[in-house]
Student: 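Below are the structure tokens for one structure; questions will follow.
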Amino acid sequence: MADRLGIGIIGTGTIAQQHLIGLRDSAVGHAVAVFDVLPDRAQATAREFGIPYVAASIPDLLGRKEVDAVIVCTPPFAHRDPTI
Ligand SMILES: NC(=O)c1ccc[n+]([C@@H]2O[C@H](COP(=O)([O-])OP(=O)(O)OC[C@H]3O[C@@H](n4cnc5c(N)ncnc54)[C@H](O)[C@@H]3O)[C@@H](O)[C@H]2O)c1
């Protein structure tokens, strides 16, 4: 599955976990990086799902060459910045 998209996850709360479960067996994409304003939560998610990179910021995540697309999993008040 070498051609799968590299997915970055922004926000690692409840709905992110569901997306990550879905990506586990996906032929389309796999999670390659995560970011959360709560670093411990991002680290725990990366450990649980075997995600290789925990970003220090959104620009850090977006700058990774292996990130082809992102899933924005932040609360509504924090949708704007990651989306733009
Ligand atoms: N929980 C559900 O069943 C569900 C279902 C459908 C849609 N959604 C939508 O998904 C979105 C997230 O909901 P949730 O339930 O996962 O919330 P949540 O509170 O469980 O998780 C949100 C995560 O985003 C992080 N976060 C907050 N601001 C951030 C920022 N600026 N940058 C990066 N990370 C940030 C928080 O630290 C938290 O870990 C909402 O828009 C919600 O409406 C949720």
Side-chain angles (χ1 to χ4, degrees):
M1 295 202 280
D3 294 336
R4 290 182 300 168
L5 289 172
I7 307 292
I9 304 290
I10 300 177
T12 54
T14 304
I15 202 64
Q17 307 298 313
Q18 296 306 310
H19 283 294
L20 286 165
I21 289 166
L23 283 172
R24 268 180 172 152
D25 300 319
S26 173
V28 176
H30 65 130
V32 294
V34 290
F35 170 69
D36 198 293
V37 289
L38 301 177
D40 290 353
R41 185 173 284 188
Q43 293 281 359
T45 299
R47 273 196 304 276
E48 181 178 350
F49 289 93
I51 300 166
Y53 190 71
V54 178
S57 66
I58 291 173
D60 177 25
L61 183 142
L62 296 178
R64 302 288 297 182
K65 64 177 181 353
E66 70 273 27
V67 173
D68 300 307
V70 300
I71 304 177
V72 176
C73 299
T74 54
F77 72 84
H79 279 170
R80 179 180 174 274
D81 286 350
T83 302
I84 290 172

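Remember, it's 1-based here, ligands and their atoms both numbered in the order they're listed. No hydrogens, no waters, no symmetry mates; every other heavy atom, side chains included, goes into these values.
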Student: List ligand 1 atoms under 4.0 Å from Leu38, heavy atoms only on the residue side.
Tutor: 37 (O)
Student: Is there a nitrogen or oxygen of Ile15 sitting under 3.5 Å from a nitrogen or oxygen of ligand 1?
Tutor: yes
Student: Please report the shortest heavy-atom distance between Cys73 and His19, naming the atom on each side.
Tutor: SG-CD2, 3.7 Å
Student: Quick test of your reading of the structure: of Gly11, Cys73, Gly13, Pro75, whose heavy atom lies closest to atom 27 (C) of ligand 1?
Tutor: Pro75
Student: Would you say Ile21 and Val70 are hydrophobically clustered, going by side-chain heavy atoms of ILVMFWY under 4.5 Å?
Tutor: no
Student: Going by the order shown, which atoms of ligand 1 are within less than 4.0 Å of some heavy atom of Pro76?
Tutor: 40 (C), 41 (O)
Student: Please write down residue, atom name and distance for the protein heavy atom closest to atom 36 (C) of ligand 1.
Tutor: Asp36 OD1, 3.5 Å
Student: Does anything in residues 44-57 pair up under side-chain hydrogen bond (donor to acceptor under 3.5 Å, both in side chains), and if so which pairs, sequence neighbours excluded?
Tutor: Gln17-Thr45, Tyr53-Asp60
Student: As an exercise, identify every atom of ligand 1 less than 4.0 angstrom from a heavy atom of Arg41.
Tutor: 38 (C), 39 (O)
Student: For atom 42 (C) of ligand 1, is the nearest protein heavy atom closer than 4.0 Å?
Tutor: no
Student: Are Val37 and Ile51 connected into the same hydrophobic cluster when the rule is that any two of I, L, V, M, F, W, Y join if their side-chain heavy atoms are below 4.5 Å apart?
Tutor: no
Student: Which of the numbered atoms in ligand 1 are under 4.0 angstrom from any heavy atom belonging to Ala78?
Tutor: 28 (N), 31 (N)
Student: Treating Ile, Leu, Val, Met, Phe, Trp and Tyr as nodes and any side-chain heavy-atom pair under 4.5 angstrom as an edge, say whether Val67 and Phe35 lie in one connected cluster.
Tutor: yes
Student: Considering non-hydrogen atoms of the protein only, which is the closest contact for atom 20 (O) of ligand 1, and what is the distance?
Tutor: Thr14 N, 3.0 Å
Student: Among protein heavy atoms, which lies nearest atom 30 (C) of ligand 1, and at what distance?
Tutor: Val37 CG1, 3.5 Å
Student: Mind listing the closest non-hydrogen atom pair of Val34 and Ala42 along with its distance?
Tutor: CG2-O, 3.7 Å
Student: Identify, by atom number and element, the atoms of ligand 1 in contact range of Phe35, meaning under 4.0 Å from any of its heavy atoms.
Tutor: 32 (N), 33 (C)
Student: Is there at least one protein heavy-atom neighbour under 4.0 Å from atom 17 (O) of ligand 1?
Tutor: no
Student: Side chains of Thr74 and Asp81: does their closest heavy-atom pair fall under 4.5 Å?
Tutor: no
Student: Could you check if a side-chain atom of Leu38 sits within less than 4.5 angstrom of a side-chain atom of Asp40, using non-hydrogen atoms only?
Tutor: no
Student: Is a donor on one side and an acceptor on the other found under 3.5 Å between the side chain of His30 and the backbone of Leu23?
Tutor: no
Student: Students should be able to answer this: which protein heavy-atom is nearest to atom 40 (C) of ligand 1, and at what distance?
Tutor: Thr74 O, 3.6 Å
Student: Below a 4.0 angstrom heavy-atom separation, can you tell me which part of Pro82, side chain or backbone, both or neither, approaches ligand 1?
Tutor: neither
Student: Could you go through residues 7-14 and list every donor-acceptor pair under 3.5 Å that involves a side-chain atom there, pairing it with any protein atom two or more places apart or in another chain?
Tutor:
residue: Thr12; atom: OG1; partner: Asp36; partner atom: OD2; Å: 2.9

Student: Return yes when His79 approaches ligand 1 closer than 4.0 angstrom through a heavy atom, no otherwise.
Tutor: yes
